There are 2 protein chains.
Amino acid sequence: MVIEQLPKPVSRQPGPGELFQMLRDGAPRTRAELASVTGQARSTVATRIDMLMTAGLIVTVGEAHSTGGRPPAVFAFSPESRVVLAIDLGATHARMALTDLASNIIADSEDKLPIDLGPDKVLAWVCEKGDEMLAASGRGRRELVSVGVGLPGPVEFSSGRPINPPIMPGWDDADVAGRLGAHFDAPVLVDNDVNIMALGEHRSEWPDVSDLLFVKVATGIGSGIIADGSLRRGARGAAGDIGHIAVPGAEDTPCRCGNLGCLEAVAGSDAIARRLRQEGVEVSGSAQIVALVRSGDLSAARALRQAGRDVGTVLAACVSMLNPSMIVIGGSIAEAGEQLMAGIREVVYSRSLPLATQHLRVVASRARGEAAILGASALAIDHVLSAEAIDAALA
Amino acid sequence: MVIEQLPKPVSRQPGPGELFQMLRDGAPRTRAELASVTGQARSTVATRIDMLMTAGLIVTVGEAHSTGGRPPAVFAFSPESRVVLAIDLGATHARMALTDLASNIIADSEDKLPIDLGPDKVLAWVCEKGDEMLAASGRGRRELVSVGVGLPGPVEFSSGRPINPPIMPGWDDADVAGRLGAHFDAPVLVDNDVNIMALGEHRSEWPDVSDLLFVKVATGIGSGIIADGSLRRGARGAAGDIGHIAVPGAEDTPCRCGNLGCLEAVAGSDAIARRLRQEGVEVSGSAQIVALVRSGDLSAARALRQAGRDVGTVLAACVSMLNPSMIVIGGSIAEAGEQLMAGIREVVYSRSLPLATQHLRVVASRARGEAAILGASALAIDHVLSAEAIDAALA
């Protein structure tokens with residue numbers, strides 16, 4: 001048999017990106033070692049190393065010992081060569097940071113910025129602030145390779161657009177990625193705030209835990225899923241949205257989403273504050289609740305413990321579903337400490353199957369206030385430093 | 001700076017496995033094309049092609065046109081060269097199949113075999129049956145490269161051992177992989193039955209759906225999670241175990257697991273039969289329930305619809321959590337048809353967030369009775385045909 005027409009190769013041709021990933025993840029190497037490890041021809045490796053050097057992504061870090069002749073150069077990843085902009089927009093704040101390609105923070109800022117000003121004003125402010133931070137750090141626009149953004153509402157990750165975000169009036173379907181990308185002339189990755197917190201917490205504190213559930217408890221309640229080492233967003237980027245799962249026995253509590261008995265309507269900070277006001281304790285917002293609990297107020301401690309149990313009821317289902325080895329509790333209400341955690345543990349350990357809880361740890365966030373900004377940075381870096389992205393950039 | 005001691009390379013040296021994956025997933029290729037696509041040296045490609053030919057994993061399928069001189073050979077994956085044994089053990093049955101490396105069924109069988117005979121008797125029977133099937137198909141033991149097994153209970157995937165399986169007396173911590181591996185002299189992959197059904201359904205019917213939840217409704221209720229294209233097992237292999245998630249309002253129903261109000265205790269076939277018997281309809285087991293519904297019995301139809309709503313209550317939480325684009329309903333009770341599906345859809349679409357349900361499809365299994373055996377075959381094949389496994393085998 002003679003095949004008349006050979007089909008075009010469909011697989012990606014491995015390029016300099018593969019070499020780069022080895023240097024990014026591992027130890028410095030010589031050309032000869034890279035050729036040996038990859039099976040690529042020596043001449044191919046030499047060409048690709050030159051491309052990566054020219055792009056500033058790798059540097060020589062010294063010379064290997066030689067048994068004679070000129071000692072070979074040793075190459076390593078150079079994270080300082082470029083910067084990314086990490087942006088965490090909340091309901092009322094804007095946290096921003098400039099980081100290098102290893103998520104080291106070069107400059108950062110935190111400002112009051114109500115998200116309900118709408119996308120025009122908020123994004124213009126972000127552009128101006130980003131320019132200021134670049135200028136103040138002495139980094140040019142050309143050194144900025146990508147931007148990572150977290151938003152306080154549902155985002156379709158593939159398009160970088162919010163979808164019917166409940167607390168972001170005017171933002172529905174706004175082209176956040178497109179507008180910021182046009183200004184900064186760089187790719188922009190947009191995700192919801194809980195996903196970037198999960199990513200930041202995972203990368204900075206528990207990189208070796210392959211199945212981790214990060215839970216944010218604040219005004220809203222949500223989660224980010226790390227499964228087999230990667231963030232899982234589901235089909236439309238809505239995975240982890242546990243705030244609107246029904247809590248048994250709470251069917252008479254209306255939620256802003258239009259349904260009844262949602263977790264967020266029962267255990268979010270507004271719900272906790274409402275419960276405390278019914279007991280005569282005047283309080284509103286996460287910060288006041290946390291302060292009350294820390295001051296030793298018994299009503300507040302009880303309310304936090306109950307909120308923990310309600311969160312635990314939903315997390316018990318999540319544990320059965322996902323079998324994580326770690327649940328990390330973050331968000332402003334988690335700052336109140338052990339009462340919330342105790343309530344969560346109480347229900348999770350009693351309500352899930354033994355196989356799923358035998359080695360399960362429920363811990364408080366370590367990255368805390370840094371989680372979101374570190375996650376936005378990681379999101380931006382991963383996008384430009386993947387082997388495919390490097391190949392495309394240097395093609 | 002001179003680096004005194006260069007660290008050893010830690011990355012895997014890409015070997016013939018990379019070439020093989022290209023031929024397995026794609027079109028037939030010449031040596032020159034493979035060298036061009038992989039960036040490997042021509043001499044390396046030639047050596048590796050020879051190794052894969054000798055191993056019988058690839059064959060020449062013809063010659064490419066040449067502009068002069070001897071036309072170059074074209075190589076392709078040869079799925080017929082080897083076989084795997086796929087084994088699906090249920091509570092009372094043993095389904096087995098011999099397939100080629102593309103999951104084409106060469107021989108299959110179905111027998112009554114109560115799992116509560118214990119691992120000694122059951123595994124001895126499986127070994128004998130496997131030998132018979134190999135002999136009857138004219139395939140030698142040496143052609144068998146791996147074995148995939150599904151068991152009706154929790155399995156720690158990494159060790160291939162059941163863990164406290166409720167309906168498998170005597171099987172706790174039994175070394176299923178080790179015993180079958182010693183007999184068949186091949187690697188053995190063991191997973192729970194729902195995971196292999198999910199894998200089989202996904203591979204055979206919806207390979208392009210990257211986020212899919214497969215739900216089995218029978219005596220037990222469970223699910224298998226496909227996220228970003230792969231089966232996700234969680235930290236200990238227990239992911240997808242939705243049968244013991246609490247159903248709101250069912251707190252007075254005891255479950256065999258020791259908890260109250262579990263989905264399985266409310267909507268599994270035993271629960272449906274019990275409900276029907278309370279209405280005076282004498283029935284037991286999935287088959288009788290399905291027959292009753294198909295005969296037009298209204299009580300049975302009502303019971304199925306309610307079971308669907310109860311399953312839907314838990315699936316609504318799963319949809320919020322995982323955001324799949326497809327839920328596939330399988331298992332013996334699903335054979336009853338639309339009443340179950342209607343109950344599930346009713347609750348899932350009313351109880352989940354719009355973003356998660358906008359493009360969600362809830363469909364009946366297409367692979368049906370073949371899902372488990374196709375999944376066990378896929379599990380076995382993936383293990384021996386991964387690039388890493390090929391490299392190790394040919395090293």
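None of these values were measured; they are calculated from a predicted model.
Remark: side-chain polar atoms of A:Thr30 are paired, donor with acceptor, to backbone N or O of A:Glu33 under 3.5 angstrom. When atom types are taken as modelled, the side chain of A:Ser350 and the backbone of A:Val347 share a donor-acceptor pair closer than 3.5 angstrom. Under a 3.5 Å cut-off, the side chain of A:Asp211 and the backbone N or O of A:Ala227 do not form any donor-acceptor pair. In this structure, the side chain of A:Glu264 engages the main chain of A:Ile221 through a donor-acceptor pair within 3.5 Å. Side chain of B:Ser36 to main chain of B:Ala32: no donor-acceptor pair is present (N/O by atom type, distance under 3.5 Å, no hydrogens or angles).
Salt bridge status for A:Asp191 with A:Arg233: present, with a side-chain N to carboxylate O gap under 4.0 Å. The pair B:Asp382-B:Arg24 counts as a salt bridge, with a side-chain nitrogen and a carboxylate oxygen less than 4.0 angstrom apart.
Heavy atoms of B:Glu251 lying under 4.5 Å from chain A belong exclusively to its side chain. Both the backbone and the side chain of B:Asn323 come within contact range of chain A, with heavy atoms under 4.5 Å apart. Using a 4.5 Å cut-off between heavy atoms, B:Arg42 makes no contact with chain A at all. With a 4.5 Å cut-off on non-hydrogen atoms, B:Leu231 touches chain A through its backbone but not through its side chain. With a 4.5 Å cut-off on non-hydrogen atoms, B:Gln21 does not touch chain A at all. Looking at B:Leu213, only its side chain comes within 4.5 Å of chain A, counting heavy atoms on both sides. When heavy atoms are compared at a cutoff of 4.5 Å, A:Gln358 approaches chain B solely by way of its side chain, counted from C-beta outward. Interface remark: B:Ser210 contributes no atoms to any contact with chain A (heavy atom separation under 4.5 Å).
Here B:Ala246 is the residue among B:Ala316, B:Ala41, B:Ala246 with the most heavy-atom pairs under 4.5 Å with chain A. Chain B forms more heavy-atom pairs under 4.5 Å with one residue of A:Cys257, A:Pro248, A:Ala235, A:Ser230 than with any other, namely A:Ala235. Highest contact tally toward chain B, considering only A:Ser43, A:Pro324, A:Ala317, A:Gly261, is held by A:Ala317 [criterion: heavy-atom pairs under 4.5 Å]. By number of non-hydrogen pairs under 4.5 angstrom with chain A, the leading residue of B:Thr313, B:Leu260, B:Val209 is B:Leu260. Counting heavy-atom pairs closer than 4.5 Å to chain A, the top-ranked of the candidates B:Ile225, B:Leu212, B:Val314 is B:Ile225.
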Trace of the side-chain hydrogen bond (donor to acceptor under 3.5 Å, both in side chains) decision for A:Ser159 with A:Glu156: CA-CA 6 Å; A:Ser159 66; A:Glu156 186 175 62; 3.0 Å; yes

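Proximity to chain B among residues 236-244 of chain A is limited to A:Arg236, A:Gly237, A:Ala238, A:Ala239, A:Gly240, A:Asp241, A:Ile242, A:His244, judged by heavy-atom separations below 4.5 angstrom.
The distance from atom CG of B:Leu315 to atom OG of B:Ser320, rounded to the nearest 0.5 Å, is 11.0 Å.
Heavy-atom minimum distance, B:Val74 versus B:Pro28: CG1-CB, 3.4 Å. Between A:Arg29 and A:Leu34, the shortest heavy-atom distance links the atoms CB-CG, 3.8 Å.
The ring pair (Phe, Tyr, Trp, His ring centres under 6.0 Å) pairs that include a residue from residues 28-49 of chain B number zero, where partners must be two or more places apart or lie in different chains.
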